[in-house]
Amino acid sequence: MTADPRQRRSARHAQPTAESAVTAPRKKPITVARITDAALEVVATEGYDALTIRRVAAVLGTGPSSLYAHIVNKDDIDDLLIGRLYAEVVLPESDPTAWREQLLGVYTQIRDLYLRYPGVSRAALAMVPTNLETLRVGEGILSILLAGGIEPRTAGWARDALSLYVSAYALEQSLVRQRRRHPDQEWVLSDEELLDRFTALPAEEFPQTRRHAAELISGTGHERFEFTLGLLMNNLRPTAGCPGTRGGHRERQKL
């Protein structure tokens with residue numbers, strides 16, 4: 001190093017030679033896992049409505065065409081999203097004596113995963129799953145129902161109905177939370193305001209609504225969630241004589 005300060009300053013601001021130039025870091029390759037991560041980031045920060053291939057590509061610092069080497073379309077991203085969430089679902093070993101409680105536990109996990117990402121349950125609606133994690137959870141739910149003595153076709157239809165309700169419930173909760181965050185949504189009513197409106201209705205036209213207004217708005221969302229799942233499951237009839245029945249009669253368990 002030269003001792004002359006002026007020469008050192010001049011050298012510090014000089015353009016680097018080809019040999020001394022720092023090689024620019026290479027971009028991380030686009031992968032299915034990175035696409036899924038970016039999609040979840042968009043949903044978590046902006047909501048499901050903001051999820052597009054172009055938006056995911058922007059998060060990854062690339063163009064949409066780069067993604068098509070790994071995905072087919074937006075529906076493919078939906079499948080990846082649900083698969084990533086379902087990878088976190090812990091499935092119990094099927095117990096014929098506790099199948100309703102086990103179903104409630106699995107669907108509660110799914111509900112909470114959906115609620116973590118606003119509106120993401122829309123990705124599960126009208127979708128034929130191909131992701132192995134999604135299929136794993138579906139297999140686990142079916143196994144629980146079959147272990148409880150539910151006839152196979154009934155078990156399959158019940159799984160679809162329960163899954164549809166959980167997706168719809170999570171979507172509604174996400175919409176309510178979204179609307180309450182916007183100051184211009186004055187029409188969103190609190191429980192107290194709703195109670196006041198119900199009790200102020202004309203008695204001759206709405207006698208039952210006025211009389212039972214408190215009951216109509218009672219309960220938290222999650223309390224109603226458990227009530228509805230219980231309502232559906234308690235109407236499933238195990239096959240007589242199966243491990244999920246006692247003495248050939250339906251085992252009645254209240255959730």
Side-chain angles (χ1 to χ4, degrees), residues 30 32-62 64 67-68 70-90 103-138 141 159-191 194 217 219-229 232:
I30 301 298
V32 170
R34 289 193 66 213
I35 291 172
T36 309
D37 290 340
L40 280 173
E41 179 181 336
V42 171
V43 177
T45 57
E46 305 173 44
Y48 181 79
D49 286 341
L51 183 64
T52 63
I53 290 179
R54 185 174 298 277
R55 186 71 191 91
V56 173
V59 171
L60 293 171
T62 187
L67 273 59
Y68 285 109
H70 306 277
I71 62 169
V72 179
N73 50 30
K74 167 64 165 49
D75 293 339
D76 203 9
I77 293 182
D78 287 345
D79 194 33
L80 291 171
L81 284 176
I82 300 303
R84 174 66 67 82
L85 296 183
Y86 277 28
E88 298 186 37
V89 175
V90 178
L103 279 180
L104 178 61
V106 171
Y107 277 119
T108 297
Q109 291 181 67
I110 294 173
R111 176 201 69 190
D112 293 344
L113 287 167
Y114 285 161
L115 292 178
R116 192 187 306 170
Y117 298 93
V120 76
S121 63
R122 280 176 55 189
L125 297 170
M127 179 185 71
V128 177
T130 60
N131 190 282
L132 290 180
E133 288 295 343
T134 307
L135 294 171
R136 175 186 70 88
V137 173
I141 293 171
R159 183 183 65 176
D160 287 349
L162 290 163
S163 299
L164 180 60
Y165 169 73
V166 174
S167 295
Y169 172 85
L171 179 58
E172 182 188 48
Q173 290 292 308
S174 296
L175 290 173
V176 169
R177 293 178 185 181
Q178 179 183 2
R179 288 170 178 169
R180 285 177 174 168
R181 284 197 298 267
H182 292 287
D184 60 339
Q185 299 290 349
E186 290 88 357
W187 58 271
V188 178
L189 302 178
S190 67
D191 287 348
L194 190 58
I217 68 168
T220 65
H222 285 0
E223 287 173 341
R224 289 174 174 241
F225 174 87
E226 293 190 12
F227 167 81
T228 304
L229 287 189
L232 291 169

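The analysis underlying the following values was restricted to heavy atoms, covering all of them including side chains, and did not include hydrogens, waters or symmetry mates.
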Nearest heavy-atom contact between Leu115 and Ala170 is CD2-O, 3.7 Å

All heavy atoms of Leu229 vs all of Tyr165, minimum pair found to be CD2-CD2, 3.8 Å

Q.
With heavy-atom distances below 4.5 Å as the criterion, would you say the side chains of Leu164 and Asp160 are in contact?
A. no

Output for pair (Leu103 CG, Arg159 CZ), nearest 0.5 Å, gives 11.0 Å

* Do the non-hydrogen side-chain atoms of Leu171 and Tyr48 ever get within less than 4.5 Å of each other? -> no

Notebook entry, point to check: Do Arg122 and Asp78 have side-chain heavy atoms sitting under 4.5 Å apart?
Noted result: no

Looking only at heavy atoms, the pair that brings Lys74 and Leu51 closest together is CE-O, 3.2 Å

- Task: Using a 4.5 Å cut-off on heavy atoms from C-beta on, say whether the side chain of Leu135 contacts that of Tyr86.
- Result: no

dist Asn73:CG -> Leu67:CG (nearest 0.5 Å) comes out at 11.5 Å

*Are the side chains of Thr108 and His222 in touch, meaning some heavy atoms are under 4.5 Å apart?*
no

Would Tyr117 and Val42 satisfy side-chain contact (heavy atoms from CB on, under 4.5 Å), going step by step from the backbone distance to the final call?
-> CA-CA 9 Å; Tyr117 298 93; Val42 171; over 6 Å; no

Closest non-hydrogen contact found for Leu113 with Leu85 is CD1-O, 3.2 Å

For this session: Go through the steps for Gln173 and Arg111 under the test side-chain contact (heavy atoms from CB on, under 4.5 Å), then give the verdict.
Result: CA-CA 10 Å; Gln173 290 292 308; Arg111 176 201 69 190; over 6 Å; no

In this structure, CD1 of Ile141 is separated from CZ of Arg136 (nearest 0.5 Å) by 10.0 Å

Looking only at heavy atoms, the pair that brings Ala87 and Glu133 closest together is CA-OE1, 3.5 Å

CD1 (Ile77) and CD1 (Ile82) are apart, to the nearest 0.5 Å, by 12.5 Å

Determine whether a donor-acceptor pair (N or O, by modelled atom type, separation under 3.5 Å) exists between the side chain of Ser174 and the backbone of Gly119.
yes

Any side-chain heavy atom of Asp112 within less than 4.5 Å of one from Arg116? no

Rounded to the nearest 0.5 angstrom, the OH-OG1 distance for Tyr169 and Thr228 is 9.0 Å

Around atom CG of Leu132, are there more than 12 heavy atoms of other residues, nucleotides or ligands at under 6.0 Å? no

The reported gap from CZ in Arg55 to CD1 in Ile53 (rounded to nearest 0.5 angstrom) is 14.0 Å

- Message: Can you confirm whether His70 sits close enough to Arg34 that some side-chain heavy atom of one is under 4.5 Å from a side-chain heavy atom of the other?
- Response: no

In Thr130, Thr36, Asn131, the residue satisfying side-chain hydrogen bond (donor to acceptor under 3.5 Å, both in side chains) with Asp79 is Thr130

Smallest heavy-atom separation, Ile35 atom then Val56 atom, equals O-CG1, 3.9 Å

Taking atom CD of Glu172 as the centre, does the number of heavy atoms from other residues, nucleotides or ligands within less than 6.0 Å exceed 12?
no

